[in-house]
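Chain letters run A, B, ... following the sequence lines, proteins first, then strands; residues in each count from 1. Every value quoted in this text rests on a predicted model; they were computed, and no experiment measured them.
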Amino acid sequence: MTSAIALVDCNNFYVSCERVFNAKLIARPVVVLSNNDGCVIARSNEAKALGIKMGTPLFQTQHLVEEYDVAVYSSNYALYGDMSHRVMGALQEFTPEVEVYSIDEAFMRLDHDPASSLFSYGLRIKEKVRQWTGIPVSVGIAPTKTLAKIANHLAKKSSGVEGVLDLTGMSEQAEALERTPVGEVWGVGAAYAKLLRARGITTALKLRDADRLWVRKRMTVVGARIVEELRGISCLPMEQCPPQKKSITCSRSFGTSVESLGEMREAVATYMRRAAEKLRRQKLAAGVVTIFINTNRFSKEPQYSNAITYELAYPTDVTDELLEWAYKGLGQIFREGYRYKKAGVMLNHLVPSDQLTVRLFHNSDFERSRRLAKVIDAINARHGRDTVRYGMAQSNCGWKTKFNWRSSRYTTCLQEVLSIM
DNA sequence: TCTGGGGTCCTAGGACCC
DNA sequence: TCTGGGGTCCTAGGACCC
């Protein structure tokens, strides 16, 4: 048996999810927007062909949307998250060695008989995912993760027919690397691409054959690993169990600007409640809490942004306590007279919540709060978010994120399942 | 009018200690 | 004229990812 790495990546994932539940979208240009309906974050091939770029603010591409009758959707993360689970489940039918790398892609280790065709293995994966979920994927196969990424990229681009590319052969690799601009290599962003091009390193092939000492010096060990991976030497191991989180953030841009401390308190409290839920879901507690607020950096109005960080005497996973820090911090950094556009909270120094030290004072209060939080989480998990909630009722909700074009939560919400008329 | 959100890793340099 | 050296810890900032 020999072993290769496959990268399976869903094509235009969010758009494909929308299409699974709405056949009228097939062959139409479709885009999905970021939170608050701000930017384009997913495009169908038809939308790409119109020249709609990734990350473009909707208002800047409105003319194309109207002229070509582009279907526009708000993000529907409940749907996408659930579809992602189903895709990953299909992949696990082939091997337990699946690394879920992001919501729409996974690495797989393929152990195979050298005589058998990896290409047809890839086709079987693709077909299984399509049957189980309706989502189209591309499969790139190579000796290392970085090469598998490139294989996947090319599978998507050129073929379109099968969407599978086996790049385990040396001559195929060289040819593929030569066709790949250096900026498209995984791990080479805008800054490194510029640096490399200035040195005449314009393709992935030239990066593979570049002077390793120079790369190590200018691009740190991260760059050195990329070069090794391009040479077929694996430096990035498969990671099946996701490592423990080191930080948890919850932040949003507001639907409309916030000017009053009262509204800002509601927003920050909401984000802190969400962050606390995430924290408890992962069985962690936070030792450091940060609160931040920003005005709209794109506007010409007076700008202000600030943040404050607290180190807690005792790590906590209790919403009440975290809310106290949020309110206190906000009181410190909030200034009247600005139109705020965004706020958020960050939790750091995360430790397992079953190993918290016993508190010197009020430990029984703390334990009681933790039990209460558990009950509230269970109720909300069963009956929907915010069925039971800490703190005051929300009055003015202008700050709430906009989702003007959200599709139904077909797979996760009984009231919204697809109905056939 | 309208511009996302949530992460990770690496390094340099300062603070501090013995 | 001479003005230590090495180790560790922490943080800010830069780079990247989807």
Asks: Look at atom OH of A:Tyr68 and say whether more than 12 heavy atoms of other residues, nucleotides or ligands are closer to it than 6.0 Å.
Replies: no
Asks: Taking the six-membered ring where the residue is Trp, are the ring centres of A:Trp405 and A:Tyr73 under 6.0 Å apart?
Replies: no
Asks: Within residues 297-317 of chain A, find the residues that approach DNA chain C with a heavy atom at under 4.0 Å, and present them sorted by residue number.
Replies: none
Asks: Closest to the A:Ile41 side chain: B:dG4, B:dT3, B:dG6?
Replies: B:dG4
Asks: With a non-hydrogen cut-off below 4.0 angstrom, is A:Asp37 in contact with a base, only sugar-phosphate, or nothing?
Replies: nothing
Asks: If you look at every strand shown and take non-hydrogen atoms under 4.0 Å, does A:Asn35 touch a base, only sugar-phosphate, or nothing?
Replies: sugar-phosphate
Asks: Taking atom C1' in both C:dG4 and B:dC17, compute the distance separating them and give it to the nearest angstrom.
Replies: 14 Å
Asks: Which part of the nucleic acid, if any, lies within contact of A:Leu33, taking any heavy atom under 4.0 Å across all strands shown: a base, the sugar-phosphate backbone alone, or nothing?
Replies: nothing
Asks: In whole angstroms, how far is the C1' atom of B:dG5 from the OH atom of A:Tyr271?
Replies: 11 Å
Asks: Between B:dT8, C:dC18, B:dG6, which nucleotide has the shortest distance from any of its atoms to the side chain of A:Ser247?
Replies: B:dT8
Asks: B:dG4, B:dG7, B:dC2: which one has an atom nearest the side-chain heavy atoms of A:Thr249?
Replies: B:dG7
Asks: Would you kindly give the OH-to-P distance between A:Tyr80 and B:dG5, to the nearest whole Å?
Replies: 16 Å
Asks: Give a yes/no verdict on a cation-pi contact between A:Arg86 and A:Trp132, requiring under 6.0 Å between NZ or CZ and the six-membered ring centre and an angle within 45° of the axis.
Replies: no
Asks: Quick one: which of C:dC18, B:dT3, B:dT8 gets closest to the side chain of A:Lys246?
Replies: B:dT8
Asks: What's the CG-C1' distance between A:Asn294 and B:dG6, to the nearest Å?
Replies: 15 Å
Asks: Just need the stems in DNA chain C: three or more back-to-back Watson-Crick or G-U pairs, each with both distances under 3.5 angstrom, sorted by first number.
Replies: B:5-18 with C:5-18
Asks: How is A:Lys342 classified with respect to the nucleic acid when contacts are heavy atoms under 4.0 Å: base, sugar-phosphate, or nothing?
Replies: sugar-phosphate
Asks: Out of B:dG4, C:dC16, B:dT3, which nucleotide sits closest to the side chain of A:Tyr192?
Replies: C:dC16
Asks: Within the structure shown, what part of the strands sits under 4.0 Å from A:Gln62 by heavy-atom distance: base, sugar-phosphate, or nothing?
Replies: nothing
Asks: What about A:Tyr192 and A:Trp186, are their ring centers closer than 6.0 Å?
Replies: no
Asks: Start with the C-alpha gap between A:Glu97 and A:Gln92, add the side-chain angles, then the distance that decides, and say whether side chain to side chain contact (heavy atoms under 4.5 Å, CB included) holds.
Replies: CA-CA 8 Å; A:Glu97 283 193 82; A:Gln92 271 147 0; over 6 Å; no
Asks: Where along residues 209-234 of chain A does a heavy atom fall under 4.0 Å from DNA chain B?
Replies: A:Arg216, A:Thr220, A:Val221, A:Val222, A:Arg225
